[in-house]
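Every chain is numbered from 1 and lettered A, B, ... according to where its sequence line falls, protein lines coming before strand lines.
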Amino acid sequence: MELSEFLARPKLNIEFYKRDVVTVAQNLLNQYFVHKESGSYLIGKIVEVEAYSKIDDEASHSFKGRTKRNASMFLGGGHLYVYLSYGINYCANIVTGEIEAGDAVLIRAVEPVYGVSKMAINRTSNNVVFKEMNRDLTNGPGKFSKAFNINLTHDAENLLGENIFILENYSLREEIISTERIGISKSKNLIRRFYINNSKFVSKR
DNA sequence: GCTAAGATGGACT
DNA sequence: GTCCATCTTAGCC
């Protein structure tokens, strides 16, 4: 698909993000995540997410209240929360709900749809550029952030602005699977991981 | 002040 | 399958 076809779509607006975290998580699937950087675009279709809530969720970074790291979770729907995971990888979240709600949706995987060669360059390690359209390019929260060049400088970014935003794509009817979340030990019983069934870019494990 | 655990990924057996 | 890199936080001395 041409870049102009993506950019003709409307951005998700503040009303979309201000709803409850599980609703937003489910509705983020299939939409186009966009990072515009120095004039070039990286675009991915969101295929896997997890919801985290301050209310009833011990696995959420916000559960015990505000810290320096999680402050942007309290900015209200339509912001980005980026944190450093295991001291190594960045993870990107979409903040939802009202100001001070402390809820957010972790983006676990996207399907690359535009700017794939730049994503492959961003995922270079040991001087080896990643093979394009390999599923390992973006099939995990840290991999997605690296491919889209998202780091702590993007923490608290406003998703209604010009750098990072999400474009509407409601057209396709995909089968959505709901499961327990991955890689956590508390509140494991909550069914708050959602992914598109037929996507090969859904994370492993 | 110290230590353990963590919303992970990559290298290796 | 196992191991480990390395930063933040919480909980305990």
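- With a cut-off of 3.5 Å on both pairing distances, C/dT6 has no Watson-Crick or G-U wobble partner at all.
- Within the 4.0 angstrom heavy-atom criterion, no nucleotide atom of any strand lies near A/Lys146.
- Neither side chain, A/Tyr90 nor A/His154, offers a donor N or O lying under 3.5 Å from an acceptor on the other.
- Atom CZ of A/Arg181 is separated from atom C1' of B/dG6 by 14 Å (rounded to the nearest Å).
- Residues A/Ser72 and A/Asp155 bring a donor and an acceptor atom of their side chains to less than 3.5 Å of each other.
- Place A/Leu84 and A/Gly142 on DNA chain B by their nearest nucleotides, and A/Leu84 ends up nearer the 5' end.
- Taking a 4.0 Å limit (strictly below) on heavy-atom distances, residues 109-124 of chain A does not reach DNA chain C anywhere.
- Checked against B/dA7, B/dG9, C/dG11, the side chain of A/Asn93 finds its nearest nucleotide in B/dA7.
- Between A/Ser185 and the phosphate of B/dG6, there is a side-chain N or O to OP1/OP2 separation shorter than 4.0 Å.
- Spacing between C/dG1 and B/dA7 at atom C1', rounded to whole Å, works out to 23 Å.
- Of the side-chain N and O atoms in A/His61, none sit less than 4.0 angstrom from OP1 or OP2 of C/dT9.
- Judged by distance alone, with hydrogens and angles left aside, the side-chain atoms of A/Asn169 form no donor-acceptor pair with the main-chain N or O of A/Tyr32 at under 3.5 Å.
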With side-chain contact (heavy atoms from CB on, under 4.5 Å) as the test, would you mind laying out the steps for A/Lys200 and A/Glu111 before giving the verdict? CA-CA 8 Å; A/Lys200 75 170 187 175; A/Glu111 176 183 325; over 6 Å; no
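- A/Tyr195 places its OH atom 18 Å from the C1' atom of B/dA7, with the value rounded to the nearest Å.
- Stacking of the aromatic ring of A/Tyr86 onto the base of B/dG9 is not found under the criterion of centres within 5.5 Å and planes under 30°.
- Contact record, A/Ile182 with A/Ser203: CD1-OG, 4.0 Å, taken as the closest heavy-atom pair.
- Taken residue by residue, residues 133-141 of chain A places heavy atoms nearer than 4.0 Å to DNA chain B at A/Gly140, A/Pro141.
- Atom CG of A/Asn189 and atom C1' of B/dA7 are 16 Å apart (whole Å).
- Closest heavy-atom contact between A/Val21 and A/Ser53: CG1-CB, 4.1 Å.
- Base pairing analysis places B/dA7 opposite nothing; no Watson-Crick or G-U wobble pair with both distances below 3.5 Å involves it.
- Look at A/Lys186 and you won't find any side-chain N or O under 4.0 angstrom from OP1 or OP2 of B/dG6.
- Side chain of A/Arg193 to main chain of A/Thr179: no donor-acceptor pair is present (N/O by atom type, distance under 3.5 Å, no hydrogens or angles).
- As a whole-Å value, the separation of A/Asp57 CG from B/dA7 P is 10 Å.
- In this structure, the CG atom of A/Asn89 is 7 Å from the P atom of B/dG10, given to the nearest Å.
- Within 4.0 Å of A/Ile88, counting heavy atoms only, lies at least one base atom of the nucleic acid.
- Under the 30°/60° scheme for interplanar angles, the aromatic rings of A/Phe33 and A/Phe148 are found to stand perpendicular.
- The nearest whole Å value for the distance from the OH atom in A/Tyr90 to the C1' atom in C/dT6 is 11 Å.
- Between the side chain of A/Tyr83 and the base of B/dA7, a donor-acceptor pair under 3.5 Å is found.
- At least one side-chain nitrogen or oxygen of A/Arg108 sits closer than 4.0 Å to the OP1 or OP2 atom of B/dT8.
- Residue-environment remark: NZ (A/Lys118) stays at or below the threshold of 12 foreign heavy atoms within 6.0 Å.
- Partner A/Glu48 forms a salt bridge (charged side-chain N to carboxylate O under 4.0 Å, His left out) with one of A/Arg192, A/Arg108, A/Arg135, A/Arg181 and no other, that one being A/Arg108.
- Atom-to-atom, NZ of A/Lys64 to C1' of C/dG11 comes out at 9 Å; the value is rounded to the nearest Å.
- A salt bridge links A/Glu162 with A/Lys11: at least one charged nitrogen is closer than 4.0 Å to a carboxylate oxygen.
- For A/Thr67, a side-chain nitrogen or oxygen approaches OP1 or OP2 of C/dT9 to under 4.0 Å.
- Between the CZ atom of A/Arg66 and the P atom of C/dT8 there is a distance of 19 Å, given to the nearest Å.
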